[in-house]
Amino acid sequence: MEALITLLPGDGIGPDVAKSARQVLDAVGRKFGHQFQFDEQLIGGIAIDDAGDPLPAATVASCEAADAVFLGAVGGPKWSDPNAAVRPEQGLLKLRSTLKVFANLRPVRIYPELVGASPLRPEILDNVDMIVVRELTGGIYFGEKTRDSESASDLCVYTVMEVERIVRIAAKLARDRRGKLCSVDKANVLETSRLWRDVANRIMTDEFPDIELETLLVDAAAMHLISRPSDFDVIVTENMFGDILTDEASMLTGSLGMLPSASLGDSTAGLYEPIHGSAPDIAGLDIANPCAAIASAALLLRYSLGLNQEATAVETAIAAAISAGARTADIAAEGEPRLSTDEMTAEIIRGLT
Ligand code: IPM
Ligand code: MG
């Protein structure tokens, strides 16, 4: 097949890991006979420097014309003045809302050889296999903001439609997995959460009676994620809770450098990004872990291009590299050799079959 992919390396280690994702996609193209064309565009801090805009019009046009978008990371100390008029993160948020990718899928998969890299006891990590479905284009991230010298406010709004569509996506995923959905909210305090819970209960009773529904308050969910992570199958939650809980969940795998994400809307065109940030302290050093980016490229193959076999081949190659002992610094145990970003990527490409 032919596919057009917009590549947004962004800031910090974004370019390091975007390069890895591109190399793997190129290798998949050669191996399986596909033509992937890449159009590289600016986003985030580098776009502010170049064009004064974290999401230039040319970037939006390229993304809208593409079959899929791959993003590295945005942000860094150079652009983090809290009083700056424009910030790199605004580019990413605007891109998510422009592309209407409201469903952010964050699978949490444990590689058995890496249990030692997690701060949790190995027996707690047995059988952990969950996917967090984070609502991505609503809630407090996108509500009206105000600021004066004495106060500030961020408005949190959810509509029935926004909750219905994300709960349906999560419930359908649960149906193809272990049939369990956990909806996370803060219904004891927040009105938006009470709406969330009512809608989730209704959709699940009316349309998914076969799926087991658990409801948790977000503070309790944060605790259960650590105390009994293997009980979770699919978690669905609002934008900010999903942001926080997935950084927490990444520690089950031992490193933020392992977790991929796919952001989808009503069309097949999606946005794919590792969940980690731009890690400016190690930018350009060729030591960042490319696994999250490469696993995001696998999700791109699966969800936007419909290439399930190729996606599985990439995921299998990551697991094989890990299993063969390939480690970047973030997941290496003491005394283990540390591969560079490029070496780790080459190791994964070698295992593509
Ligand atoms: C994420 C990131 C972003 C978010 C930032 C960079 C705006 O933390 O994708 O999880 O909060 O959504
Ligand atoms: Mg985050």
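Ligands are counted one by one from 1 in listed order, and the atoms in each one are counted from 1 as well.
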For Y158, enumerate each residue passing the ring-ring contact (aromatic ring centres under 6.0 Å, His included) test, keeping only those at least two apart in sequence or located in another chain.
-> W196

Any heavy atom of R134 under 4.0 Å from ligand 1? The part involved is side chain

Set of ring-ring contact (aromatic ring centres under 6.0 Å, His included) partners for F36, sequence neighbours left out | H34

Axial cation check for F102 ring with R165, 6.0 Å and 45° limits = yes

Could you tell me whether ligand 1 has any atom less than 4.0 Å away from a heavy atom of R87?
-> no

Nearest-0.5 Å distance, CD of residue E238 to OG1 of residue T192 = 6.0 Å

Sequence neighbours excluded, every pair satisfying salt bridge (charged side-chain N to carboxylate O under 4.0 Å, His left out) that has a member inside residues 39-58 = D49-K78

Should R109 and E315 count as an ion pair when the cut-off is N to O under 4.0 Å?
-> no

Salt-bridge contact K186-D219 (side-chain N to carboxylate O under 4.0 Å) = yes

Pick whichever of R106, E273, M240 has a heavy atom sitting closest to atom 1 (C) of ligand 1.
-> R106

Selection from D243, L136, L71 by shortest heavy-atom distance to atom 8 (O) of ligand 1 | D243

Total protein N/O/S atoms whose distance from the Mg ion (ligand 2) is less than 2.8 Å | 1

Does the D233 side chain pair with the main chain of K180, one donor and one acceptor, at a distance under 3.5 Å?
-> yes

So which protein heavy atom does atom 11 (O) of ligand 1 come closest to, and at what separation?
-> Y141 OH, 2.6 Å

Under 3.5 Å, is there a donor-acceptor pair linking the side chains of T341 and D16?
-> no

Report the part of R96 in contact with ligand 1, treating N, CA, C, O as backbone and CB onward as side chain, heavy atoms under 4.0 Å; options are side chain, backbone, both, neither.
-> side chain

